[in-house]
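This report refers to the structure that appears directly beneath it.
In what follows, chains are A, B, ... by sequence order, proteins preceding strands, each numbered from 1. Since the structure is predicted, the reported quantities are computational estimates derived from the model, not experimental observations.
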Amino acid sequence: MSTTRARQYWLMKSEPDEASIDDLAEKGTLPWTGVRNYQARNFMRDQMRIGDGVLFYHSSCPEPGIAGLAEVCSQPYPDPTQFDPESDYFDKASKPEDPRWSLVDVRFVGKSALIALPALREHEALADMVVLRRGNRLSITPVTAAEWRFITGKLMK
DNA sequence: GCCAACGTTGGC
DNA sequence: GCCAACGTTGGC
């Protein structure tokens, strides 16, 4: 018997040059490769469940912001790029018998009109969003159910 | 290109 | 375990 828990929500940053919401729409699903930060890894490895909601965020680009919706669609598994010497994400200290980096696959749900970063900051309801905190650099951050409802219900309407 | 913020590394 | 140096992220 499996334990159930309420659906949880996440914001995941991607540089559109590497993987944009259009790339995800075209491919259907994408493995979330390249995370090399322990906190972000732990979210994927230890806390995400299939079906969790994902705000797909474009970062390090001319117009940073939320570009669409996705959902977690796999269990966590080792990021194959960590073992590939040709990859930018190669980690020579990580051994296949004890992988350091995990990821999940995400599935395209929908593209939205871009909700740009300054627009996100306008809303009192989003004042405490982790991604909006000063100095935040985490590429994966938790989103509360209230924030999710506000963004998907009000801002994407 | 700048720089604030913060994670990681490594000497001690 | 401390902490300075260094590297990276990511908005501007």
* Results of side chain to side chain contact (heavy atoms under 4.5 Å, CB included) for A/L69 - residues two or more places apart only ->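 Residues passing side chain to side chain contact (heavy atoms under 4.5 Å, CB included) with A/L69: A/L55, A/V109, A/W148, A/T152, A/M156.
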
* To do: Please list, chain by chain and in numerical order, all residues satisfying side chain to side chain contact (heavy atoms under 4.5 Å, CB included) with A/V54, sequence neighbours excluded.
  =>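 Result, side chain to side chain contact (heavy atoms under 4.5 Å, CB included) vs A/V54: A/M12, A/A70, A/V72.
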
* Could you tell me which residues satisfy salt bridge (charged side-chain N to carboxylate O under 4.0 Å, His left out) with A/D52, sequence neighbours excluded, listed by chain and number? =>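 Salt bridge (charged side-chain N to carboxylate O under 4.0 Å, His left out) list for A/D52, sorted by chain: A/R5.
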
* To do: Could you name each residue pair satisfying salt bridge (charged side-chain N to carboxylate O under 4.0 Å, His left out) that touches residues 33-49 of chain A, not counting sequence neighbours?
  =>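 Only A/R36-A/D79 qualify under salt bridge (charged side-chain N to carboxylate O under 4.0 Å, His left out).
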
* To do: Scan for salt bridge (charged side-chain N to carboxylate O under 4.0 Å, His left out) pairs involving residues 118-128 of chain A, sequence neighbours excluded, and state none if there are none.
  =>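 Counting only pairs at least two positions apart or across chains, no salt bridge (charged side-chain N to carboxylate O under 4.0 Å, His left out) contact touches residues 118-128 of chain A.
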
* To do: Can you check each nucleotide of nucleotides 4-12 of chain C against protein heavy atoms at under 4.0 Å and return B for base, S for sugar-phosphate only, - for none, in 5' to 3' order?
  => ---BBBBSS

